[in-house]
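Here's the structure, in structure tokens; my notes come after.
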Amino acid sequence: METTGWLFDLYPRQDRMVLWFLTAAGECRRLEDGFPYCVYLGGAPVRLRALAGEARRRGWVRRFWPARGRDLWTGRELPVMALELASYAHLPRLRAWLGKLSGEAPVYNCDLDIAAYYLYTRGLWPCAWYDLEERAGRLQAISPREEQFALELSVPPLTTLHLGLTRDPLIPLGAGNGLSLGWEGRELELTAPDAAGLVAELGRWLRRADPDLVLSDWGDEEIIPPLTRWSRDYGVPLPLDREPHPVPREFRGARSYFSYGRIVYQGSAAPFYGRWHVDQRNSFFFREAGLPGLVQVARLGQMPLQQAARASPGTLITSMQLARAAADGILIPWRKGEPERFKTAAELLVIDKGGLTFMPPAGVHFSVAELDFASMYPAIMARHNISPETVDCGCCAGEGARGPRPTYNPPPHPLPQPLKGGYVAGRVGAAGPDFPGSHKGLGGGRGGRGGSVAPWPSPHNLAPEAGYRLCRKREGLVPRTLRPILALREGLKARAREVPAAEAVQYKERQNALKWMLVTCFGYLGYKNARFGRIEAHEAVTAYGRDKLLLAKEICEGEGFQVLHGLTDCLWVKKDEEVANAELEELCRRISAASGVKLALEGIYRWIVFLASRQDPKRPVATRYFGVFEDGSLKVRGLACRRRDTPPFVRRAQEALLKRLADSGATTPAELAALRPELEELAETFRGRLKEGDLKPEDLVITRVLSQTVADYKVDTPAALAARQLKNAGIHLQPGEKVRYVHREPKRSPKELRVQASPFLEALEDYDAKLYLELLERAMEEVLVPFGKQEVG
DNA sequence: TGCCAGTAAAG
DNA sequence: CTGCCTACTGGCA
């Protein structure tokens, strides 16, 4: 039977993949597809045969055969042995055994997520329409009806059920907290005499609505785990899944990890089978980019949507690289998870030069233009072919002064070709004895050109400063992955500009999701343990970045502009006389052409303020500024209102002042100066409200992230005190989790009284008004001082 | 007052 | 899928 379906959900079960499709008619269809997991072993053929034979004798491997695959580092084709697993369940044991062979035989494709490996191998991606052929619940053939990188997403209507808690998520469900449910515009609290009754009640709703998507707040950790436990304990069925067979349901995977120099907490996951459960509070991409962004990254990352919901941008971009590698017939090296050792000071000195900064003169400036390089680092990687395997590669050695002698000349990488056809069960290359992806031919690049990025090869293949040589013969895996993302992001941004505001939202969300993947891709180059990381590549990118910002500065100055400030990929410039828009556009065009990366006019500020350091008011700081563009819109960076540890009341007060500045239309020094009395008056009303003491506790809450467990704190900071209060109430926060509190008594008072932790704020009678006045004063000063506010006595 | 632990921001 | 630099605050001796 032939149908058309939207690939919705997928997961492995026993030795097959289960796929769920939504049809145009609104039905959902479950299909199975046999997919044997193949691991590849390199090394001497005789030894390989012996190892493969041993794995088969142990029952882990059903069959094995000689195959060929491409080495990531050299681009060379290698003879390998393909081992087809007897069952997915054997993977951990086979992996452990192969791990002990360390060095003897390189192991490839052995640590991939099964669902993702299936998608890479079949050349499929979730959240897209396919023509299907099925027989008796088995998938026979499948081919896509749309491009993976298409500008338009066609999402079928999804039946959505909302789940949430009626009170603070730190209060356990059933112990003071209730379950709220939303469906078809209705919003209600589920009531039941006991836990079993609550499970039954939710069960009725799930059967009635049969939702495709359960969108929850705190579902992963606070709702689904207790409900599942009660369902088991009291024998009340809870139809979370559409999958008719029993599914594994354990709530593991909560962890605190170190990222970007800070601790992050990721809660455990509670995925459903055959429908989606997305916990909005436990999903980076949902938070940043909404459902459209999530659908976008699931499709590009070739990862089931519920996994993408919990994934970091790093996981997504890595998945895209793995998909690219698989499609190009590249053997995927095993990433063994050894934590990165701490870098020595000397290493840091070499690596961490980072972005270039020109210091701004603190104070107000008028008619300043901001020029930004678009996606600078990813564009550099694409433009200059920077990838772990292209930095000082073996194949181009000898052309420059550095590097080893040439040993091997691989064929040039084939040009990208569009994806055609699809998967047909039983056809060569689908799942049989052949290398994954090789049926599509090498380099089946599906993306277009890189949008704002000049095409590779670039004439400049010697990185500035360190002088690494970049491969001229093969385009690297990272640039090949990035190019179509850059192109799509440009397309989405352009689309968002040309459609009405309401429609533009989804394009903006999708491009924002891509932005995060692009940013992370650069970071991963510098991470030793990233699968496709290499520190020299990271260095080369930042060196090119500094080079281009400097080049841009020189061109600006050559054209008679004064460069006020520069920060990694942005420049703030002005001229004494009036500058026409066209002149700036022309300047950008010149710099774009000279640097190979698109520089765009972000806007012209009527005025902009660069703030001075609080510690040394004579000194400017690079990352704190605010200003108003010609169209009256504000741009604010680094001020109190941008910090998450600023209480809402202080944030709103600062925002009100900024808004008044923007709405006033003031353009000249005199007009700005005339606003001062009005702003002072506004500030005074906020001070008055604080002194009156009738603010709600919620307006004064400070949110901070815990960097360690309560016991590890050496200093009794307010956050540590609040976390200790919660601990005494039986609520245990992990490093990386947020703690929320209100300052109650002054600093020198007994420690138990200094702060009051949320959610125990109802009982709060008073707050430390002096401290909040101080916070408010600082926020007011940030805005007022540049306009000549006198210090208050 | 100075030191340092702790935390957050822009890119 | 564990990657900074810098500015700043607040506790504490």
Nearest to side-chain heavy atoms of A/T568, which nucleotide of B/dG11, C/dC12, C/dC1 | B/dG11
Any ion pair linking A/E490 and A/K598 (charged N to carboxylate O, less than 4.0 Å)?
-> yes
Quick one: side chain to side chain contact (heavy atoms under 4.5 Å, CB included) partners of A/V563, sequence neighbours excluded?
-> A/F358, A/K553, A/C556, A/E557, A/L571, A/V573
Given the options A/E539, A/H384, A/E536, A/Y468 meets side chain to side chain donor-acceptor pair (under 3.5 Å) only with A/E539
Base, sugar-phosphate, or nothing for A/Y625, non-hydrogen atoms under 4.0 angstrom?
-> sugar-phosphate
Counting heavy atoms from C-beta on, name the nucleotide in B/dA10, C/dC1, B/dG11 closest to the side chain of A/R642.
-> B/dA10
If you look at every strand shown and take non-hydrogen atoms under 4.0 Å, does A/G314 touch a base, only sugar-phosphate, or nothing?
-> nothing
Rounded to the Å, how far apart are A/Y265 OH and B/dT7 C1'?
-> 21 Å
Are A/W334 and A/L98 close enough that some pair of their side-chain heavy atoms sits under 4.5 Å apart?
-> yes
Given A/V519, A/L518, A/T542, A/D569, the one that forms side-chain contact (heavy atoms from CB on, under 4.5 Å) with A/Y377 = A/T542
Please determine, for the side chain of A/K751, which listed nucleotide (B/dG11, C/dC12, B/dG6) has the closest atom?
-> C/dC12
To the nearest angstrom, how far is A/K738 atom NZ from B/dT7 atom C1'?
-> 15 Å
Please check if atom CH2 in A/W607 has more than 12 non-hydrogen atoms from other residues, nucleotides or ligands closer than 6.0 Å.
-> yes
Please give, in whole Å, the distance from C/dC1 C1' to A/W334 CH2?
-> 16 Å
Given C/dC1, B/dA5, B/dT7, the nucleotide with the shortest approach to the side chain of A/K714 = B/dA5
Please list, for nucleotides 7-9 of chain C, all pairs of protein and nucleotide N/O atoms separated by less than 3.5 Å.
{"unit_1": "C/dA7", "atom_1": "OP1", "unit_2": "A/R619", "atom_2": "NH1", "d": "3.4"}
{"unit_1": "C/dC8", "atom_1": "OP1", "unit_2": "A/R614", "atom_2": "N", "d": "3.0"}
{"unit_1": "C/dC8", "atom_1": "OP1", "unit_2": "A/R624", "atom_2": "NH1", "d": "2.8"}
{"unit_1": "C/dC8", "atom_1": "OP2", "unit_2": "A/S613", "atom_2": "OG", "d": "2.6"}
{"unit_1": "C/dC8", "atom_1": "OP2", "unit_2": "A/R614", "atom_2": "N", "d": "3.3"}
{"unit_1": "C/dT9", "atom_1": "OP1", "unit_2": "A/R614", "atom_2": "NE", "d": "2.6"}
{"unit_1": "C/dT9", "atom_1": "OP1", "unit_2": "A/R614", "atom_2": "NH2", "d": "3.4"}

Quick one: label A/V264 by what it contacts on the DNA or RNA (base, sugar-phosphate, nothing), any heavy atom closer than 4.0 Å.
-> nothing
Expressed in angstrom and rounded to an integer, what is the separation of A/L611 atom CG from B/dA10 atom C1'?
-> 13 Å
Presence of A/R644 side-chain N/O under 4.0 Å of B/dT7 phosphate oxygens OP1/OP2 = no
Side-chain N,O (A/R255) to OP1/OP2 (C/dT2) below 4.0 Å | no
Does any N or O in the side chain of A/E370 come within less than 3.5 Å of the main-chain N or O of A/E602, such that one atom is a donor and the other an acceptor?
-> no
A/K574 NZ: over 12 foreign heavy atoms closer than 6.0 Å | yes
A/Y377 near the nucleic acid: base, sugar-phosphate alone, or nothing, with a heavy-atom cut-off under 4.0 Å?
-> nothing
Would you write the dot-bracket representation of DNA chain C, where each base gets (, ), [, ], | or . depending on whether it forms a Watson-Crick or G-U pair under 3.5 Å and with which partner?
-> .....||||||||
Look at the side chain of A/S312 and decide which nucleotide, out of C/dT2, C/dC12, B/dG11, has an atom nearest to it.
-> C/dT2
Calculate the interatomic distance between A/K515 atom NZ and B/dA10 atom P; express it in whole Å.
-> 11 Å
Are the side chain of A/D220 and the backbone N or O of A/D279 linked by a donor-acceptor pair below 3.5 Å?
-> no
A/L371 CG to B/dG11 P, straight-line distance once rounded to whole Å = 14 Å
For A/Y524 and C/dC4, is the shortest distance between a side-chain N/O and OP1 or OP2 below 4.0 Å?
-> no
Distance, rounded to the nearest Å, where A/H565 contributes NE2 and B/dA10 contributes P = 12 Å
Give the rounded distance in Å between these two atoms: CG of A/N512 and P of B/dG11.
-> 13 Å
So, for A/Y767 and A/H743, is the gap between ring centers shorter than 6.0 Å?
-> no
Considering just the side-chain nitrogens and oxygens of A/Y713, establish if one lies under 4.0 Å of OP1 or OP2 belonging to B/dT7.
-> yes
Taking every heavy atom of A/A720 against every heavy atom of A/Y713, the minimum-distance pair comes out as CB-CG, 3.6 Å
